[in-house]
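This report concerns only the one structure given below.
Residue numbers start from 1 in every chain, and the chains themselves are labelled A, B, ... in the order their sequence lines are given, proteins ahead of strands.
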Amino acid sequence: MVRSRQAEKAAPKGMELRKRAGAWLQERRKTAGLSQIELAQRLGLKYYTFISQVENGFGRVPSDSMEAWARALGVAPAEFTRHLLAFYEPELHKLLFEVKS
Amino acid sequence: MSIVEFPRHACASGDWSPGELQQLIALFRADTAGTSYAVGATERGEPQFYLLGPAPEQDCVLCVSRLAQGYVVEDGAGRLIGETPSLDRFAVEAARAAMRGGRSFMARVTLAWCTIRLAIEEKLEPMFEESQELLVRFAPQVAALV
């Protein structure tokens, strides 16, 4: 559940993409049968609040912990990173994986 | 590392009280140009306050979460900045966090600014008010002498 002061305005593209990434991550976590607390535990975080921050679309999975997130969620790290890159860096993702030479 | 699992707050409804929200907005000047905020909640219903950076990206600069035993402040990358039992003690935590390295630049600048502003409000404003009171009291007498 998220309410934003910008709710009435059109959501900026970056934020919209982060929200979609968050929804995808939440879906992966639920598929893995984990609560936010359990995922935080697996990631060695002191609090589970960052998991919520990311799932609500207000944070990104840091690149140096993408592998840990992927393994905790039972997703192949390369697939996980590629999927998140499409949300976090869409232009880069397009160049790397979509544009044909 | 073992995770801190606070027991559910008796009145954790997923919402900030109007007083808390006003305090957070005032603390971070979150309603001024260039900054904005959003609120959300954890899976367990604890409220979160997100301080957002400038458009168009509006990255999260700071996240304040209210858990059963106090408030947890993290930067946009999930690095723990501080834990404080009350928002009134936030200035102390902010000062400590702003001095420490390893946090995002934006978070440190925001916290440093908060600390300076709160210090001004706490220390200097009462002095100004006192001077104003003296001025109001003595101005008519001074005017009478002129």
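- The two residues E46(B) and Y48(A) make their nearest non-hydrogen contact at OE2-OH, 2.7 Å.
- Of the atoms belonging to S65(A), not a single heavy atom falls under 4.5 Å from chain B.
- With sequence neighbours left out, the side-chain hydrogen bond (donor to acceptor under 3.5 Å, both in side chains) criterion links S65(B) to Q48(B).
- At least one side-chain heavy atom of L52(B) sits under 4.5 Å from a side-chain heavy atom of F58(A).
- Residue pairs meeting the salt bridge (Lys or Arg N to Asp or Glu O under 4.0 Å) criterion with at least one member in residues 66-75 of chain A, sequence neighbours excluded, are E67(A)-R71(A).
- Hydrophobic clustering (ILVMFWY, side-chain heavy atoms < 4.5 Å, transitive): L85(A) and V75(A) are in distinct clusters.
- Looking only at side-chain heavy atoms (C-beta outward), R18(A) and D59(B) come within less than 4.5 Å of each other.
- The side-chain heavy atoms of L45(A) and L80(B), taken from C-beta on, include no pair separated by under 4.5 Å.
- Proximity of E83(B) to K46(A): side-chain heavy atoms (C-beta onward) are separated by under 4.5 Å at one or more points.
- Going from atom OG1 of T42(B) over to atom CG of N56(A) covers 9.0 Å, rounded to the nearest 0.5 Å.
- Between S52(A) and E43(B), the closest side-chain pair of non-hydrogen atoms is not below 4.5 Å.
- Only the side chain of R29(A) comes within contact range of chain B, judged by heavy atoms closer than 4.5 Å.
- Rounded to the nearest 0.5 angstrom, Q53(A) CD and D75(B) CG are separated by 8.0 Å.
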